Student: 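Pasting a structure here, questions to come.
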Protein chains: 2
Amino acid sequence: MLSSPPHQPNQNRLLAALPVAEFERLKPHLELVHLPLGDVLCESGGRLSYVYFPISTIISLHYILENGASSEIAGVGNEGMLGVSLFMGGESTPSWATVQTAGHGYRLKAALLMQEFNQGGSVQRLLLRYTQALITQISQTAVCNRHHTIEQQLSRWLLLTLDRLNSEELIMTQELIASMLGVRREGITEAAGKLQQAGIIRYRRGHITVLDRSGLEKHVCECYEVVRKEFERLIRDVGNVR
Amino acid sequence: MLSSPPHQPNQNRLLAALPVAEFERLKPHLELVHLPLGDVLCESGGRLSYVYFPISTIISLHYILENGASSEIAGVGNEGMLGVSLFMGGESTPSWATVQTAGHGYRLKAALLMQEFNQGGSVQRLLLRYTQALITQISQTAVCNRHHTIEQQLSRWLLLTLDRLNSEELIMTQELIASMLGVRREGITEAAGKLQQAGIIRYRRGHITVLDRSGLEKHVCECYEVVRKEFERLIRDVGNVR
DNA sequence: AGTAGTATGTACGCTACCGCACAAAAATGC
DNA sequence: GCATTTTTGTGCGGTAGCGTACATACTACT
């Protein structure tokens, strides 16, 4: 691996949406970190000492059931942050947070975020709007789990993941995708096989390349678009908030 | 129907959890309303002019898909409120809100709630904690949809509904329950039949009576308990918030 | 180059749930 | 009381996805 690409806090869309004054105030406290695949940032019921603003990493929020089964409820990429339960007042959640795609992000001491949040104003407004977008994502996951096929769900998941990366290629085994969607690995093999035969994706041992994004958009269920639009609506420049 | 039972704002646990000063300030503005079954309080993308604090009514938050299929993502009873999107800053959500159980509740002009919320302090803290509990409920619904049987989900749904009512009897057709859970009506007939044979419930045309609550608790998946505990933890007296 | 380990492909029987069709029973209205 | 409507019961073929088992192929290590 050659030298890392340059990272800047404003590559996180949430941070970038902050007014200049607040952004500059937070900036000196933002610490660039690399998050390796599979890293557990928060266990069920655990407390975060930092909040994370992904740049090139994706963090998965998921549940693990008593029988060992698991499901992702939402993902967090450069459009968002990990740690909303802090300012929501619960301090912990029953979900887990693990690194789904290795990469960089900025972290910020929880206490500092709370300090900003409690001043009200733009930071608070923005974080709450982001949280609402997260609620939409979780809700849509619930509905999609109920009514759509694995192939549709895989398409949704791929598009959402793609939107969070600048690349067309994801480092991701079928096993891992399966555990995100809460289905069998074989189910992903089959669905991915269909997408590959349609010329939409190509994959090889842990690497999935999307060849035809618009083809994927034709395969996906409505859930993708609902989530995407809601993020667009809710986390544009906070100055636009009436 | 004889005279209605007396209703008091503090029968809503969220209102009851407010400090006295804030409660008294809101009280004169709370308006008792009766909500009939099926009433649509908010369509997808619509805005609320009031927020609602259920007493004996239950409001269902649900999605309707393009193909007409639907699923509940969460319910709102006397433990909560309808309208979190207002203070979350989004003003609308892609979900619908309809009355699942007819009954009474208090409503409050959206502007007045916003005024209280924006003062920060206890009201804000409590509402955000409630919103986090709502997120847990939605998340657990997503996971439950994926991994548990109709019988388990029905049990979960019955218990959550019972907790919101003072009665052991729900006015509810199997058709309606099916559309909440996003499954076929026949699936509910079958699952309910099993519960009836086990002596746990009894039903007749739109009335379901729970005979053996602890039996139901043995049938249910873990999802019920996770949601219940999280509500307990998050919306006890707001004075307990550290 | 050979080997161990990991990732993917495939097959087969099984189950939960679906979609549909229709019968039976209970409530409602006239 | 009788007809209509609504709700619930039941049956049947179809299917998506599961659990299991095992084969194949790619990668990495020595």
Side-chain angles (χ1 to χ4, degrees), chain A residues 1 37-38 65 67-72 100-102 142-158 169-198 201-209 219 221, chain B residues 1 37-38 65 67-71 100 102 142-158 169-198 201-209 219 221:
Chain A
M1 204 171 291
L37 178 65
L65 297 177
N67 62 17
S70 77
S71 277
E72 183 176 85
Q100 174 213 310
T101 297
V143 178
C144 198
N145 279 355
R146 164 68 72 215
H147 293 290
H148 296 137
T149 63
I150 293 186
E151 195 177 338
Q152 290 176 305
Q153 294 182 51
L154 173 61
S155 303
R156 166 178 65 89
W157 191 89
L158 284 174
E169 184 182 347
L170 341 176
I171 313 293
M172 184 71 52
T173 65
Q174 300 185 354
E175 182 79 48
L176 194 47
I177 298 178
S179 85
M180 297 288 162
L181 296 185
V183 299
R184 282 186 322 158
R185 194 266 310 160
E186 292 87 335
I188 300 297
T189 303
E190 196 192 337
K194 283 187 193 166
L195 291 179
Q196 178 156 247
Q197 281 189 346
I201 64 171
R202 178 161 41 83
Y203 57 89
R204 55 174 189 89
R205 283 183 83 77
H207 299 248
I208 300 189
T209 309
H219 267 75
C221 49
Chain B
M1 205 171 292
L37 177 65
L65 295 177
N67 62 17
S70 78
S71 278
Q100 174 214 308
V143 178
C144 199
N145 278 356
R146 163 69 71 215
H147 293 290
H148 296 137
T149 64
I150 292 186
E151 197 177 337
Q152 290 175 306
Q153 293 181 54
L154 173 60
S155 302
R156 166 179 63 88
W157 191 89
L158 284 174
E169 184 184 346
L170 340 176
I171 314 292
M172 184 70 54
T173 65
Q174 299 184 355
E175 182 78 49
L176 194 47
I177 298 178
S179 86
M180 297 288 162
L181 297 184
V183 300
R184 280 187 323 157
R185 194 265 313 161
E186 292 89 332
I188 299 297
T189 302
E190 196 191 337
K194 284 186 192 168
L195 292 179
Q196 180 156 247
Q197 279 190 347
I201 64 171
R202 179 163 41 83
Y203 57 88
R204 55 170 189 92
R205 284 183 82 78
H207 299 248
I208 301 189
T209 308
H219 266 75
C221 50

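Letters A, B, ... are given to chains in the order of the sequence lines, protein chains preceding strands, and every chain is numbered from 1. Just so it is clear, the structure is predicted and the values come from calculations on it, not from any experiment.
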Student: Tell me, do A:H219 and A:E151 make a side-chain contact under 4.5 Å, heavy atoms counted?
Tutor: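 Yes, at least one pair of side-chain atoms sits under 4.5 Å.
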
Student: Take atom CZ of B:R146 and atom P of C:dA16, then tell me their distance rounded to the nearest Å.
Tutor: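 Nearest whole value for this atom pair: 17 Å.
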
Student: When the distance from CD of B:E175 to P of D:dT5 is rounded to whole Å, what number comes out?
Tutor: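 Atom CD in B:E175 sits about 17 Å away from atom P in D:dT5.
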
Student: To the nearest Å, give me how far apart CG (A:L37) and C1' (C:dT6) are.
Tutor: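 From A:L37 CG to C:dT6 C1': 14 Å.
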
Student: Measure from CD on A:E190 to P on C:dT8 and round the result to the nearest Å.
Tutor: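 Answer to the nearest Å: 15 Å.
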
Student: Toward the 5' end of DNA chain C, which comes first, A:Q196 or B:Q153, by nearest nucleotide?
Tutor: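 So the residue in question is A:Q196.
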
Student: What is the distance from NE2 of B:H148 to C1' of D:dC18, rounded to the nearest Å?
Tutor: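 For the pair B:H148 NE2 and D:dC18 C1', the rounded distance is 15 Å.
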
Student: Does C:dC18 have OP1 or OP2 under 4.0 Å away from a side-chain N or O of B:R184?
Tutor: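 So the side-chain polar atoms of B:R184 do come within 4.0 Å of the phosphate oxygens OP1 or OP2 of C:dC18, strictly under.
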
Student: Could you tell me whether B:R185 contacts a base, only the sugar-phosphate backbone, or nothing, with contacts defined as non-hydrogen atoms closer than 4.0 Å?
Tutor: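 If one applies the 4.0 Å heavy-atom cut-off, B:R185 turns out to touch a base.
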
Student: To the nearest angstrom, how far is B:Q174 atom CD from C:dA25 atom P?
Tutor: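 Rounded to whole Å, this separation is 16 Å.
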
Student: Would you kindly compare B:T189 and A:G182 by the position of their nearest DNA chain D nucleotide and give the one closer to the 5′ end?
Tutor: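 So the residue in question is B:T189.
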
Student: Taking atom types as modelled and ignoring hydrogens, do the side chains of A:H207 and A:E169 form a donor-acceptor contact shorter than 3.5 angstrom?
Tutor: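 Checked: A:H207/A:E169 side chains pair up, N/O donor to acceptor below 3.5 Å.
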
Student: Could you check whether A:G206 gets within reach of a base, just the sugar-phosphate, or nothing at all, counting any heavy atom under 4.0 Å?
Tutor: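 If one applies the 4.0 Å heavy-atom cut-off, A:G206 turns out to touch the sugar-phosphate alone, with no base involved.
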
Student: Calculate the interatomic distance between B:H207 atom NE2 and D:dT8 atom C1'; express it in whole Å.
Tutor: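 Going from NE2 in B:H207 over to C1' in D:dT8 covers 14 Å.
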
Student: Does A:R205 have a side-chain nitrogen or oxygen under 4.0 Å from the phosphate oxygens OP1 or OP2 of D:dA28?
Tutor: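 For D:dA28, neither OP1 nor OP2 has a side-chain N or O of A:R205 closer than 4.0 Å.
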
Student: So for atom CD, which belongs to B:E190, do other residues, nucleotides or ligands contribute more than 12 heavy atoms lying within a distance under 6.0 Å?
Tutor: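 Counting other residues, nucleotides and ligands, CD of B:E190 stays at 12 neighbours or fewer.
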
Student: Using a 4.5 Å cut-off on heavy atoms from C-beta on, say whether the side chain of A:I177 contacts that of A:I208.
Tutor: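 Answer yes - side chains close enough.
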
Student: Is it the case that the side chains of B:R205 and B:Q174 hold a donor-acceptor pair, with the cut-off being a distance below 3.5 Å and no angle test?
Tutor: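 Looking only at side-chain atoms, B:R205 and B:Q174 do not form any donor-acceptor pair under 3.5 Å.
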
Student: Rounded to whole angstroms, how far apart are NE2 on B:H147 and P on D:dG19?
Tutor: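 It is 10 Å, rounded to the nearest whole Å.
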
Student: Taking the side chain of B:I150 as its heavy atoms from C-beta onward, which of D:dC18, D:dT20, C:dC17 lies nearest to it?
Tutor: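 Side chain of B:I150 sits closest to C:dC17.
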
Student: C:dG9, OP1 or OP2 - any side-chain N/O from A:Y203 closer than 4.0 Å?
Tutor: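 Indeed, a polar side-chain atom of A:Y203 lies that close.
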
